[in-house]
Amino acid sequence: MTQFILDKTLEGDSIFIADLTLCTLRLINDKRWPWLVLMPKRPDIEEVFDLSKDDQKQLHIETNQAAEKFKALTNCEKINIAMIGNVVRQLHVHIIARDDGDANWPSPVWGYGTREPYNDAEIDEWHDKLITMLNG
């Protein structure tokens, strides 16, 4: 049986936060937007319909729970949720906190400007906030 391996691009662009029931939750390392990404821990999955029906339901639950809690945590105006996968084929769900006036508002975040990585203290702060968010 093939095991789940995180895509190298996703691994390089994000910071591990926690493993959920189905997904691994990571923070995208770009401080222009608070931005989470969920990846189902299933091998060789590119599309939602590639998941079992039970896993599809669990993905929906985890996405909605993370998005709702993330919106409350960030106090943002709008949560963007997207699954595109044209560049990185491995199934992943973006959850992005957006506000009027943020970098590239109201346009999409993809391909805009240059990424601004978090420093170590900011990573630690986000990690602690997100763990608290998940446990709350």
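Residues take their numbers from the sequence shown, with the count starting at 1.
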**Asked** If every non-hydrogen atom of Glu77 is compared with every non-hydrogen atom of Trp105, which pair is closest and at what distance?
**Response** OE1-CZ2, 4.4 Å
**Item:** Transitive ILVMFWY side-chain link Met39 to Ile5, under 4.5 Å
**Value:** no
**Request:** Starting from the C-alpha separation in whole Å, work towards a yes-or-no answer on side-chain contact (heavy atoms from CB on, under 4.5 Å) for Arg42 and Phe4.
**Result:** CA-CA 5 Å; Arg42 300 291 185 260; Phe4 169 76; 5.7 Å; no
**Message:** Applying salt bridge (charged side-chain N to carboxylate O under 4.0 Å, His left out), can you list everything that pairs with Glu11, at least two apart in sequence or on another chain?
**Reply:** Lys8
**Message:** Before you tell me yes or no, could you show the steps for Lys41 and Asp19 under side-chain contact (heavy atoms from CB on, under 4.5 Å), namely the whole-Å CA-CA distance, both residues' side-chain angles and the distance that decides it to 0.1 Å?
**Reply:** CA-CA 9 Å; Lys41 298 174 288 188; Asp19 279 326; 3.5 Å; yes
**Message:** Could you check whether any side-chain N or O of Arg26 sits under 3.5 Å from a backbone N or O of Ser14, counting only pairs where one atom can act as donor and the other as acceptor?
**Reply:** yes
**Message:** Do Val48 and Val93 make a side-chain contact, defined as non-hydrogen atoms from C-beta onward lying under 4.5 Å apart?
**Reply:** no
**Request:** Evaluate the ring planes of Trp126 and Phe70, with Trp represented by its six-membered ring, and classify them as parallel (under 30°), tilted (30 to 60°) or perpendicular (over 60°).
**Result:** tilted
**Prompt:** Hey, are the side chains of Pro40 and Asp55 touching, using non-hydrogen atoms and a 4.5 Å cut-off?
**Reply:** no
**Request:** For Asn29 and Asp13, indicate whether the former's side chain and the latter's backbone hold a donor-acceptor pair under 3.5 Å.
**Result:** no
**Message:** If hydrophobic clusters are built by linking Ile, Leu, Val, Met, Phe, Trp and Tyr wherever their side-chain heavy atoms come under 4.5 Å apart, do Val37 and Ile79 end up in the same one?
**Reply:** no
**Asked** Does a sphere of radius 6.0 Å around CZ in Arg89 hold more than 12 heavy atoms from other residues, nucleotides or ligands, not counting ones at 6.0 Å or beyond?
**Response** no
**Message:** Less than 4.5 Å apart, side chain to side chain, heavy atoms only: is that true for Lys71 and Cys76?
**Reply:** yes
**Student check: side-chain heavy atoms of Leu36 and Leu130 closer than 4.5 Å** = yes
**Request:** Might you work through the side-chain contact (heavy atoms from CB on, under 4.5 Å) test for Trp110 and Val87, ending with a clear yes or no?
**Result:** CA-CA 11 Å; Trp110 288 274; Val87 174; over 6 Å; no
**Request:** Please name the pair of heavy atoms, one in Leu51 and one in Gln56, separated by the smallest distance, quoted to 0.1 Å.
**Result:** O-NE2, 3.0 Å
**Prompt:** Step by step, would you call Glu47 with Leu91 a side-chain contact (heavy atoms from CB on, under 4.5 Å)?
**Reply:** CA-CA 6 Å; Glu47 311 292 351; Leu91 179 61; 5.9 Å; no
**Request:** Following the transitive rule for hydrophobic clusters with a side-chain heavy-atom cut-off under 4.5 Å over Ile, Leu, Val, Met, Phe, Trp and Tyr, establish whether Leu10 and Ile81 coincide in one cluster.
**Result:** no
**Message:** Counting C-beta onward and ignoring hydrogens, is there a side-chain heavy-atom pair between Leu6 and Gln90 closer than 4.5 Å?
**Reply:** yes
**Message:** Ignoring hydrogens, what is the shortest heavy-atom contact between Gly12 and Arg115? Give both atom names and the distance.
**Reply:** O-NH1, 4.1 Å
**Request:** Work out which heavy atom in Asn104 is nearest to a heavy atom in Trp33; give both atom names and the distance.
**Result:** CB-CZ2, 4.4 Å
**Asked** Is any side-chain heavy atom of Leu59 closer than 4.5 Å to a side-chain heavy atom of Thr63?
**Response** yes
**Message:** If I compare all heavy atoms of Tyr118 with all of Leu27, which pair ends up nearest, and what's the gap?
**Reply:** CE1-CD2, 3.8 Å
**Complete:** Per side-chain hydrogen bond (donor to acceptor under 3.5 Å, both in side chains), Glu62 is matched among His60, Gln65, Gln58 by Gln58
**Message:** Please determine whether the number of non-hydrogen atoms from other residues, nucleotides or ligands lying under 6.0 Å from atom CD of Glu116 exceeds 12.
**Reply:** yes
**Message:** I'd like to know if the side chain of Asp128 reaches the main chain of Thr132, judged simply by a donor and an acceptor atom lying under 3.5 Å from each other, with no hydrogens or angles considered.
**Reply:** no
**Item:** For Arg98 against Val109, the heavy-atom pair lying closest together
**Value:** NH1-CG1, 3.5 Å
**Message:** Tell me whether Leu25 shares a hydrophobic cluster with Leu22, the cluster being built from Ile, Leu, Val, Met, Phe, Trp, Tyr side chains joined at under 4.5 Å.
**Reply:** yes
**Prompt:** Checking Asn135 side chain against Ile131 main chain: does a donor-acceptor pair fall under 3.5 Å?
**Reply:** yes
**Message:** Measuring only between side-chain heavy atoms, which start at C-beta, is Leu134 closer than 4.5 Å to Leu20?
**Reply:** yes
**Prompt:** If Ile, Leu, Val, Met, Phe, Trp and Tyr residues are connected whenever their side-chain heavy atoms lie under 4.5 Å apart, and connections chain through other members, are Ile45 and Val88 in the same group?
**Reply:** no
